[in-house]
There are 2 protein chains.
Amino acid sequence: MGNIHSRKLEHFTQLSPASKIALSTLASNRVCHYGAHEDIIREGDRPHVMRLILSGWAYRYKQLYDGRRQILALCLPGNLCDHNVFILREMDHTLGALTPVTLTEITPAALHALTLAHPCIAQALWWETLVNVATQREWTTNMGCRYAVERLAHLFCEIFYRLRSVGLIEDTSCPMPLTQSDLADTTGMTTVHVNRSLQELRTKRLITIKHRRLTIPDLAALERRALFSPSYLHLNHTGQRRDTKEG
Amino acid sequence: MGNIHSRKLEHFTQLSPASKIALSTLASNRVCHYGAHEDIIREGDRPHVMRLILSGWAYRYKQLYDGRRQILALCLPGNLCDHNVFILREMDHTLGALTPVTLTEITPAALHALTLAHPCIAQALWWETLVNVATQREWTTNMGCRYAVERLAHLFCEIFYRLRSVGLIEDTSCPMPLTQSDLADTTGMTTVHVNRSLQELRTKRLITIKHRRLTIPDLAALERRALFSPSYLHLNHTGQRRDTKEG
DNA sequence: CGTATTCTTGACCAACGTCAAGAATTGTGG
DNA sequence: CCACAATTCTTGACGTTGGTCAAGAATACG
């Protein structure tokens, strides 16, 4: 429980069991720590390694010339970042730490060896990549045809489902390190409008946020408000959802 | 020039040369035709094959319960659709034909044999998938922090770059089969607002659209208006851009 | 040549953005 | 544990982008 490797194992539920073992025993892994709001790799940088988030939240973002910022994705514990990204010349966006982050770096050579030794790991990587694209598509949908309140509700549903799949929720609540300003840049709105939309969700008793924790008393109700359907997360693939209490 | 295989070869510029040869000689390929506005595979269907667009435009879309539609991606000639998608249980969106489409189906078995025989094809698949995610991220950015006129301009720039990379432009113009209603569902706006934004682009002499063809007299100017940068398309990777005239 | 689709326009309205300032919360050093 | 500074949250007044509804004009198509 105390050391990095067991913590890592704990969060590997999105990969197949064989991949877990293989990755966890990988000697060439280097473990790195980042402070909150520190960039991990920037737009324009050449990517060299694949990263696996052990703890903390990272996020991808892009910034336009005039300062407009868009948060593109959240990387939660257990997520692999930039599978095979070293195929590309340079990063087209920035990966940053939202909270303090611990991650392990996997070199192309190590990854290559791994996929040779454990063919199923290649499949696991493809699976997670396909889920990433699907999620990005859902975010596009979210921005394109949902209203402010629905957008936020949808984001909360996704976060809750994803954290639940790696056992990081408690009953009806989960961590929520995103500030209203972050939520604004994630959902393409202003902080003022986020604030007012959150108030509506609170008034309707669909969520509460306190001390950086999100509580969803009635998930089904929130899903309805968000027009949310979890199919794009393809969680049933692994069958490894790990609810903390009822399993 | 006349038969499918040479036409296919023509459009393979996004894959490495070895992949081209391998895929083009693949005997197990089945060639399919779809009419305009026909669905190729629907949300909820189980995916069985990978598809390679030989001619015509396909598109991915999602529909909410109340009818709102979001166009999520465009699949242009030469694009592979749903690499390894058979890893997933079911489609989380629909793939449809925008114009009449010719495509070839590649079975998992054929793909598996291919990647074994030509390891570089696996890399090519990863490359195209990574570009797909990057493009989806850019669309998220487009919706999240660009204004109507910028959004449309950005979309036109992307289409022009992508078609140019497979030699499907003529001078400063390219096909534009999207109706204003399609553009609306792509950019998350209404047809009325698309219409007015297009008028602005036309008035400023940045584009003209006539007979389903888009002309961009000054691409650099349009890029500036769109806050467009082609880096996310990672075109320099293959170095195989094929401009029709100057090559 | 007629019908369906697509485009265009107008009038009006709602969702969301801007600006600004004060309250609450968080984090840090003494 | 407190004091103080920095963030973050909240609220108000008002402006703008883009949505709605509706109807006529222009194109595309069989």
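These values consider heavy atoms only, across backbone and side chains, with no hydrogens, waters or symmetry-generated copies. Chain A is the first sequence line, chain B the second, and so forth, proteins listed ahead of strands; every chain is numbered from 1.
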Could you walk me through whether A:D92 and A:R60 satisfy the salt bridge (Lys or Arg N to Asp or Glu O under 4.0 Å) test, starting with their C-alpha distance in whole Å, then the side-chain angles of each, then the deciding distance to 0.1 Å, before giving a yes or no?
CA-CA 10 Å; A:D92 53 56; A:R60 305 176 188 285; over 6 Å; no

Distances under 3.5 Å between nitrogen or oxygen atoms of protein and nucleotides 25-27 of chain D:
none

Quick one: what's the B/S/- string for nucleotides 3-15 of chain C, heavy-atom cutoff under 4.0 Å, read 5' to 3'?
---SSBBBB---S

Is there a donor-acceptor pair under 3.5 Å between the side chain of [X] and the backbone N or O of [Y]?
| X | Y | value |
| --- | --- | --- |
| A:E128 | A:L80 | yes |
| A:R146 | A:L227 | yes |
| B:N195 | B:V192 | no |
| B:H37 | B:G35 | no |

Using the six-membered ring wherever Trp is involved, compare the ring planes of B:Y59 and B:Y61 and label them parallel, tilted or perpendicular (cut-offs 30° and 60°).
parallel

Pair A:E138, A:H154: side-chain N/O donor-acceptor within cut-off below 3.5 Å
yes

Side chains of B:T102 and B:S55: donor-acceptor distance under 3.5 Å anywhere?
yes

Could you summarise the pairing of DNA chain C as dot-bracket text, marking Watson-Crick and G-U pairs under 3.5 Å with ( ) or [ ] inside the strand and | across strands?
||||||||||||||||||||||||||||||

Please determine which of B:H193, B:R151, B:Q70 meets the side-chain contact (heavy atoms from CB on, under 4.5 Å) test together with B:T187.
B:R151

Does the pair A:K204/A:E200 count as a salt bridge with the N-to-O cut at 4.0 Å?
yes

